[in-house]
Amino acid sequence: MTSILVLNGPNLNLLGQRQPKVYGKTTLPEIEAACRQHGEALGYDVACQQSNHEGALIDAIHAAKGTHAGIILNAGAYTHTSIALMDAIASVELPAIELHLSNVHARESFRHVSYISKVAIGVICGFGPHGYILALDALKAHLDKDA
Ligand code: CA2
């Protein structure tokens, strides 16, 4: 079965536990379960990983080559700083969707900059946890187009 990697970056393990006014009440395990369930309906096996460490995220992206057909990446604050993550996505040549729970464009100007956008096939932001479902649908449409 086609496999998709849902990769979450720093501090997203705290979802639902702190700052609910900014990031909502849904926990990361709940988001991951919804991704696996929706993936199943689309015919995908969804693997979920989270790390607070830039190098571990890069390792996960490298390991995705040959294992997963595409990546949904919420790189958290690394989105706005990490050329290394951008290079990792470019190196594996897998379709990647950049995902944010919040509308980063309605927030501080430093969140308007994204290194990931330069190598992503598209960006989804501002729809909270539902964004992950939208990203799975968008990735499926992209993969079906190439099939
Ligand atoms: O909106 C998003 O998904 C972000 O990627 C979240 C990042 C932020 O740096 C990006 O600009 C936008 C921050 C994730 C922090 O997650 C927390 C969750 C609960 C409590 C505290 C932080």
Side-chain angles (χ1 to χ4, degrees), residues 2-42 44-65 67-143:
T2 303
S3 179
I4 303 295
L5 176 63
V6 174
L7 185 59
N8 283 289
N11 297 308
L12 289 156
N13 55 311
L14 299 177
L15 281 175
Q17 300 170 39
R18 306 199 197 141
Q19 289 186 260
K21 283 186 183 151
V22 184
Y23 295 113
K25 289 184 186 167
T26 310
T27 65
L28 187 57
E30 286 169 346
I31 288 173
E32 292 175 341
C35 285
R36 279 190 287 268
Q37 191 180 20
H38 191 67
E40 203 177 307
L42 297 178
Y44 291 153
D45 183 31
V46 174
C48 300
Q49 292 182 50
Q50 186 274 335
S51 178
N52 293 319
H53 304 280
E54 190 175 18
L57 294 167
I58 291 167
D59 288 344
I61 292 165
H62 290 175
K65 184 83 181 168
T67 305
H68 303 293
I71 302 172
I72 295 168
L73 174 62
N74 185 347
Y78 286 143
T79 303
H80 319 299
T81 62
S82 181
I83 296 169
L85 272 177
M86 175 186 75
D87 285 347
I89 292 286
S91 75
V92 294
E93 296 179 324
L94 288 172
I97 294 183
E98 175 182 345
L99 189 284
H100 300 287
L101 294 153
S102 63
N103 178 359
V104 286
H105 300 289
R107 300 182 66 191
E108 304 95 322
S109 58
F110 62 81
R111 295 186 206 276
H112 303 171
V113 174
S114 169
Y115 286 99
I116 308 301
S117 295
K118 299 177 194 305
V119 291
I121 59 167
V123 182
I124 293 172
C125 73
F127 295 100
H130 186 62
Y132 289 83
I133 304 302
L134 297 174
L136 281 166
D137 287 340
L139 195 50
K140 180 172 168 47
H142 179 86
L143 293 171

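Position 1 is the first residue of the sequence; numbering continues from there. Counting starts at 1 for both ligands and their atoms, in listed order.
- Using cut-offs of 30° and 60° on the angle between ring planes, the pair H80 and F110 is perpendicular.
- Of the protein's non-hydrogen atoms, S102 OG, 2.5 Å is the one closest to atom 1 (O) of ligand 1.
- Formation of a donor-acceptor pair under 3.5 Å by the N52 side chain with backbone atoms of N11 is found in this model.
- For the pair D137 and K140, the minimum side-chain heavy-atom distance is 4.5 Å or more.
- An N or O contact shorter than 3.5 Å links R111 to ligand 1 by distance.
- In this structure, atom 19 (C) of ligand 1 lies nearest to the protein heavy atom R18 O, 3.3 Å.
- Distance alone, capped at 3.5 Å, places no donor-acceptor pair between the H100 side chain and the A75 backbone.
- Counted by atom type alone, S114 and E98 present one or more donor-acceptor pairs between their side chains at under 3.5 Å.
- Heavy-atom contacts of A77 reach the following atoms of ligand 1: 9 (O) (cutoff under 4.0 Å).
- In this structure, atom 4 (C) of ligand 1 lies nearest to the protein heavy atom H100 ND1, 3.7 Å.
- Contacts between V104 and ligand 1 below 4.0 angstrom, taking non-hydrogen atoms only, involve the side chain exclusively.
- Scanning the protein for heavy atoms near atom 13 (C) of ligand 1, the closest one is Y23 OH, 3.3 Å.
- Using a 4.0 Å cut-off to heavy atoms of N11, the atoms of ligand 1 that qualify are 15 (C), 16 (O), 17 (C), 18 (C).
- Listed by atom number, the atoms of ligand 1 under 4.0 Å from H80 heavy atoms are 10 (C), 11 (O).
- A heavy-atom distance below 4.5 Å is found between the side chains of Y44 and L143.
- Atom CD of E108 and atom NE2 of H105 lie 13.0 Å apart (nearest 0.5 Å).
- Of the protein's heavy atoms, Q19 OE1, 3.3 Å lies nearest to atom 21 (C) of ligand 1.
- The single protein non-hydrogen atom nearest to atom 3 (O) of ligand 1 is L101 N, 2.7 Å, given as residue, atom name and distance.
- Side-chain contact, Y132 with N8: a donor N or O sits under 3.5 Å from an acceptor N or O.
- Ligand 1 has N74 within reach: a non-hydrogen atom of the residue lies less than 4.0 Å from it.
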